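Being a predicted model, the structure only gives us computed values, none of them experimental. Every chain is numbered from 1, with letters handed out A, B, ... down the list of sequences.
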Amino acid sequence: MPTADPLPRAFYDRPVRAVARDLLGRVVRHTSPEGPVAVRLTEVEAYAGAHDPGSHAFRGRTPRNAVMFGEPGHVYVYFTYGMHWCMNLVCGPPGKPFAVLLRAGEVVDGHDLARVRRPSARAARDLARGPARLTVALGVDKRYDGADATDPSSALVVLPGPARRPARGSVRSGPRVGVAGAGAARPWRYWLDGDPTVSAYRPAVSRRRPVAASGTLDPSSLPGEPQRGATAP
DNA sequence: CGGCCGATCCACT
DNA sequence: GTGGATCGGCCGA
């Protein structure tokens, strides 16, 4: 297998949804002192910056999301739910906080190391099936926030992947996972149809603390029926 | 297999 | 103080 250079900056300096679709089938590779792990992407989500209610950048620039306002092709890593890291690739021109969340993939190199990092994974397909699982399998955490994935000398890069691109008809789209409110309707999650490493779809759930008082249960307070992707797996 | 729930802590209100 | 671009264990069917 020939060694390839990472996808260049220009790959990411395009409309974010186009980049998201084009990332399917590409290969993210992290090389640590323990060795390399590479993941072929099967599921991603586009986040369209300042006008996207689902985006971390919707309410403007903060210390956490600063990387999204910078160079395309750099990595935005955030911490969530008190214990998980998730990684994005920054898209569009500097100043526009677009990004693609890497949600799932298939481990195509460093399988043994990935298993060590993900001991709870029952099957090989579960090693990077989910955004937080993917970062664990790769060994990515906040140290990589701001890293340049287009630099050939970087430990973390995105490679072009197999010469044969996924067939156009094999790319599906649907609502993003865990995104509530206005942004929920946007079908900006993309995945490879039928791929076993695509994560399970979960509608956004608001977790309210149990109400102390009883007897005032109000079913009408529930938000609208969660939208299932028409073609979600 | 699907639903429920706790874990765990940081960013932002 | 609140809740999150999640995960895995446990439960019942």
Side-chain angles (χ1 to χ4, degrees), chain A residues 16-17 19-20 23 28 39 41-69 75-91 97-105 114-115 117-146 173-191 196-212 221-223 225-229 232-233:
Chain A
V16 64
R17 294 171 61 191
V19 178
L23 277 169
V28 185
V39 170
L41 298 174
T42 59
E43 180 190 357
V44 298
E45 283 176 355
Y47 285 84
H51 302 290
D52 177 1
S55 171
H56 287 171
F58 182 59
R59 292 185 166 77
R61 182 174 178 149
T62 67
R64 177 174 70 155
N65 66 25
V67 170
M68 269 201 284
F69 289 78
V75 181
Y76 165 49
V77 180
Y78 69 90
F79 183 68
T80 192
Y81 288 103
M83 66 197 89
H84 299 304
W85 299 99
C86 298
M87 70 178 287
N88 296 250
L89 292 163
V90 176
C91 300
F98 302 145
V100 174
L101 171 69
L102 309 186
R103 285 201 54 89
R115 285 207 87 95
R117 290 176 175 153
R118 293 258 311 118
S120 66
R122 301 294 191 113
R125 67 173 170 274
D126 293 326
L127 287 171
R129 187 176 188 242
R133 294 164 168 183
L134 180 145
T135 61
V136 171
L138 283 171
V140 166
D141 59 24
K142 74 174 175 194
R143 291 171 299 166
Y144 288 92
D145 189 36
S173 68
R176 294 173 294 185
V177 176
V179 173
R186 294 161 200 206
W188 293 351
R189 173 186 182 225
Y190 300 94
W191 68 91
T197 65
V198 172
S199 72
Y201 176 72
R202 287 187 180 78
V205 180
S206 77
R207 295 166 191 287
R208 274 180 223 175
R209 288 170 188 276
V211 188
S221 69
L222 292 170
E225 197 63 11
Q227 308 82 334
R228 298 195 158 270

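Atom-to-atom, OH of A:Tyr76 to C1' of B:dA11 comes out at 10 Å; the value is rounded to the nearest Å. Rounded to whole Å, the distance from CE on A:Met83 to P on C:dA5 is 14 Å. Rounded to whole Å, atom P of C:dC7 lies 17 Å from atom CZ of A:Arg117. Whole-Å rounding puts the A:Asp141 CG to B:dC10 P distance at 14 Å. Separating the OH atom of A:Tyr78 from the C1' atom of C:dG4 is a distance of 9 Å, rounded to the nearest angstrom. Between A:Arg64 atom CZ and B:dT13 atom P the separation is 10 Å, expressed in whole Å. Between the CH2 atom of A:Trp85 and the P atom of B:dA7 there is a distance of 21 Å, given to the nearest Å. A:Arg125 has its CZ atom 17 Å from the C1' atom of C:dC7, to the nearest Å.
Using a 4.5 Å cut-off on side-chain heavy atoms (C-beta onward), A:Tyr78 and A:Leu101 make contact. For the pair A:Arg64 and A:Phe79, the minimum side-chain heavy-atom distance is 4.5 Å or more.
Put simply, A:Arg129 has no side-chain N or O that comes within less than 4.0 Å of OP1 or OP2 on C:dC7. The shortest distance between the side-chain N/O atoms of A:Ser120 and the OP1/OP2 oxygens of C:dG8 is below 4.0 Å. For B:dA11, the OP1/OP2 oxygens have no side-chain nitrogen or oxygen of A:Arg59 closer than 4.0 Å. Within the 4.0 Å cut-off from OP1 or OP2 of B:dT8, not a single side-chain nitrogen or oxygen of A:His84 is found. Considering only side-chain N and O atoms, A:Arg189 lies nowhere under 4.0 angstrom from the phosphate OP1 or OP2 of C:dA5.
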Fill in: side-chain contact (heavy atoms from CB on, under 4.5 Å) evaluation trace for A:Val44 with A:Val19
CA-CA 10 Å; A:Val44 298; A:Val19 178; over 6 Å; no
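Within a 6.0 Å sphere centred on CZ of A:Arg59, heavy atoms belonging to other residues, nucleotides or ligands number 12 at most. No more than 12 heavy atoms of other residues, nucleotides or ligands shown are found within 6.0 angstrom of CZ on A:Arg125.
Put simply, the side chain of A:His56 and the base of B:dA11 share no donor and acceptor less than 3.5 Å apart. Counting atom types as modelled, A:Tyr81 pairs no side-chain N or O with a base atom of B:dA7 as donor and acceptor under 3.5 Å.
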Item to complete: Using a 3.5 Å limit on both pairing distances, list the dot-bracket string of DNA chain B from the 5' end; Watson-Crick and G-U wobble pairs count, crossing pairs take [ ], interstrand pairs take |.
Response: |||||||.||||.
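Closest to the side chain of A:Phe79, from the set C:dC7, C:dG4, B:dC9, is B:dC9. For A:Leu101, taking side-chain heavy atoms from C-beta onward, the closest of the listed nucleotides C:dC7, B:dC9, C:dA5 is C:dA5.
By the salt bridge (Lys or Arg N to Asp or Glu O under 4.0 Å) test, A:Arg117 is found to be paired with A:Glu34, residues two or more places apart in sequence or in another chain being considered.
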I'd like a table of donor-acceptor pairs (distance under 3.5 Å, sequence neighbours excluded) in which one partner is a side-chain atom from residues 47-57 of chain A, with atom names and distances.
unit_1	atom_1	unit_2	atom_2	d
A:Tyr47	OH	A:Glu45	OE1	2.7
A:Asp52	OD1	A:Gly54	N	2.9
A:Asp52	OD1	A:Arg176	NH2	3.0
A:Asp52	OD2	A:Ala48	N	2.9
A:Asp52	OD2	A:Arg176	NH1	2.7
A:Ser55	OG	A:Ala57	N	2.9
A:His56	ND1	A:Tyr76	OH	2.8

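Looking at heavy-atom distances under 4.0 Å, A:Arg176 makes no contact with the nucleic acid at all. Contact annotation for A:Gly54: base contact, defined as any heavy-atom pair under 4.0 Å involving a base atom. At a threshold of 4.0 angstrom between heavy atoms, the contacts of A:Arg118 are confined to the sugar-phosphate backbone, with no base atom among them.
Exactly one residue among A:Asn88, A:Leu89, A:Thr135, A:Val75 makes a side chain to side chain contact (heavy atoms under 4.5 Å, CB included) with A:Leu102. That residue is A:Leu89.
Of the residues near DNA chain C, A:Asp126 and A:Met68, the one whose nearest nucleotide (by heavy atom distance) lies more toward the 5' end is A:Met68.
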